Each structure stands twice: as structure tokens, then as C-alpha cells.
Asks: 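Below is one structure. I have some questions about it.
If you're wondering where the values come from, they're calculated on a predicted model, not measured in any experiment.
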Amino acid sequence: MALMNKCLIKKENFINKKSSKQFISYLFVGSMATIVEWIGFVIFNEILRNQYLLSTILAFCASTQANLILGRRITFKSECKSAIQAKELISIYVVSAIGLLLNLLLMYLLVSKASVPAFISKIIATGIVFFWNFGIRKFVIYLK
């Protein structure tokens, strides 16, 4: 019984260490994708003068692509040894679509209802959606 408990504790520590490393890695990947998203938002919203919700959608799509590529190559590489599978791609885009809806809702509430400036709202929405994306990828899409 004691041996079994020691094995479980070691397994939990391994999972926690691996999860911690993946979270830090995803923080880096997420930061890169966030830079893509924020630059895209500024280009679409402020330079090209698109409406802020359309700019959010366009920037989010570019960010999702960056997150997909970097996440597979850096954060979840041990779970992604083969070429990208259709199921994985669909899962990522479904999760991203839900994240986009959450992002749009937050942008609408913050900009239109709370009168928070668009870029500040974008920063807040991005931070919240980051945790959604990591959690779903870690515990659903790339769960072994």
C-alpha cells in the first residue's frame, strides 16, 4: 500500500512538473500569438479603420494560426509527433471559435457598454481567453 502511494505521488509530481513546463511554454507561445493578435488589431482597427468587432475577428484568426503552429511545435510537441490530423485541426478551430465568441462578447461589453477604450478592452479580453485556450488544449485536445 505504501509503495502504491509513493508511485501515485511520483506520478502526480511528474504531471505537475510537466503541466507547469507546458503552462510556461504556452505562456511564451501565447505571448507570441498575442503579439500577432494585437498588431493585427491595431492594423485592422486603427490603420485600416475597420469596425472594432471586425478587427477583433481578423486579428483573432491570425493569432489562432500562429498559436496552432507554435503550440504544436513548442508546447505540445510530445503529444504531436505526427502530421496534423483533421480531428485535431477541427478541435482547435472549434475551441478557437468559442474563444472568439467569448472575445467578441467581452469586447462588446467593455467597449460599447462600459466605454473602455478598444485596445485596453482587447488586452483584457485576450487575457481571459488565454486561460480558456490553454485549459481546453491541455485537458481536452492534447490529453493523452
Side-chain angles (χ1 to χ4, degrees), residues 5-144:
N5 286 338
K6 285 181 183 179
C7 290
L8 289 174
I9 290 169
K10 285 182 181 180
K11 184 177 180 183
E12 286 176 12
N13 287 337
F14 173 76
I15 292 169
N16 289 337
K17 286 178 186 176
K18 183 178 179 185
S19 293
S20 296
K21 286 180 183 179
Q22 281 184 324
F23 183 79
I24 291 167
S25 175
Y26 193 77
L27 190 58
F28 171 76
V29 167
S31 296
M32 295 297 105
T34 297
I35 290 168
V36 169
E37 185 171 2
W38 289 352
I39 289 171
F41 182 79
V42 168
I43 291 169
F44 295 125
N45 186 249
E46 296 179 18
I47 296 172
L48 299 177
R49 299 283 183 210
N50 288 309
Q51 198 265 352
Y52 75 91
L53 292 175
L54 176 61
S55 297
T56 298
I57 292 169
L58 296 172
F60 195 87
C61 289
S63 174
T64 297
Q65 190 62 34
N67 199 318
L68 170 66
I69 292 166
L70 294 173
R72 284 190 103 250
R73 293 190 178 171
I74 297 171
T75 305
F76 298 108
K77 62 186 171 193
S78 64
E79 289 86 350
C80 301
K81 297 206 185 273
S82 62
I84 193 164
Q85 303 288 324
K87 181 180 175 185
E88 176 188 356
L89 190 60
I90 290 167
S91 296
I92 286 172
Y93 276 94
V94 166
V95 167
S96 294
I98 294 168
L100 175 58
L101 292 175
L102 178 59
N103 205 312
L104 289 169
L105 175 64
L106 292 166
M107 288 294 291
Y108 172 74
L109 292 173
L110 292 167
V111 173
S112 296
K113 300 298 181 187
S115 300
V116 176
F119 191 71
I120 300 300
S121 298
K122 187 74 195 122
I123 292 169
I124 294 167
T126 300
I128 293 168
V129 173
F130 168 85
F131 288 101
W132 159 258
N133 282 330
F134 176 77
I136 295 299
R137 280 174 172 78
K138 171 72 179 158
F139 300 110
V140 178
I141 295 174
Y142 296 118
L143 183 67
K144 283 188 173 184

Asks: Any side-chain to backbone donor/acceptor pair from Ser63 onto Val36? Under 3.5 Å, distance only.
Replies: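 Answer holds: no.
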Asks: What's the separation between atom CG in Leu100 and atom CG in Leu105, rounded to the nearest 0.5 Å?
Replies: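 These two atoms lie 11.0 Å from each other.
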Asks: Roughly how far, to the nearest 0.5 Å, is the CD1 atom of Ile128 from the CG atom of Leu106?
Replies: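 Output value for this atom pair is 5.0 Å.
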Asks: In terms of side-chain heavy atoms, does Tyr52 have a donor or acceptor partner in Glu46 at a distance below 3.5 Å?
Replies: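 Tyr52 vs Glu46: no donor-acceptor pair found between side chains.
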Asks: Classify the ring geometry between Tyr26 and Phe134 as parallel (under 30°), tilted (30 to 60°) or perpendicular (over 60°).
Replies: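 Judged by the thresholds at 30° and 60°, the geometry between Tyr26 and Phe134 is tilted.
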Asks: Checking Ser25 side chain against Lys21 main chain: does a donor-acceptor pair fall under 3.5 Å?
Replies: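 Side chain of Ser25 to backbone of Lys21, a donor-acceptor pair under 3.5 Å: no, none is there.
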Asks: Test your reading of the model: is there a side-chain donor-acceptor pair from Asn45 to the backbone of Asn50, 3.5 Å cut-off?
Replies: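 Between the backbone of Asn50 and the side chain of Asn45 there is a qualifying donor-acceptor contact (under 3.5 Å).
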Asks: For the residue pair Gly99 and Val129, what are the closest heavy atoms and their distance?
Replies: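 Residues Gly99 and Val129, closest heavy atoms: O-CG2, 3.7 Å.
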Asks: Please give me the minimum heavy-atom distance between Ala59 and Glu37, naming the atom from each residue.
Replies: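 Closest approach of Ala59 to Glu37, heavy atoms only: CB-O, 3.3 Å.
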Asks: So how far is it from Ile74 CD1 to Gln22 CD, rounded to the nearest 0.5 Å?
Replies: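 Interatomic distance, Ile74 CD1 to Gln22 CD, rounded to 0.5 Å: 12.5 Å.
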Asks: Which pair of non-hydrogen atoms, one from Gly71 and one from Val29, has the smallest distance, and what is that distance?
Replies: N-CG1, 3.7 Å
Asks: Between Ala118 and Phe41, which heavy-atom pair has the shortest distance, and what is it?
Replies: CB-CZ, 4.0 Å
Asks: Closest approach of Leu104 and Leu53, non-hydrogen atoms and distance?
Replies: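 Heavy-atom minimum between the residues: CD2-O, 3.6 Å.
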Asks: Please, which pairs that meet ring pair (Phe, Tyr, Trp, His ring centres under 6.0 Å) have at least one residue in residues 106-126, sequence neighbours excluded?
Replies: Trp38-Phe119
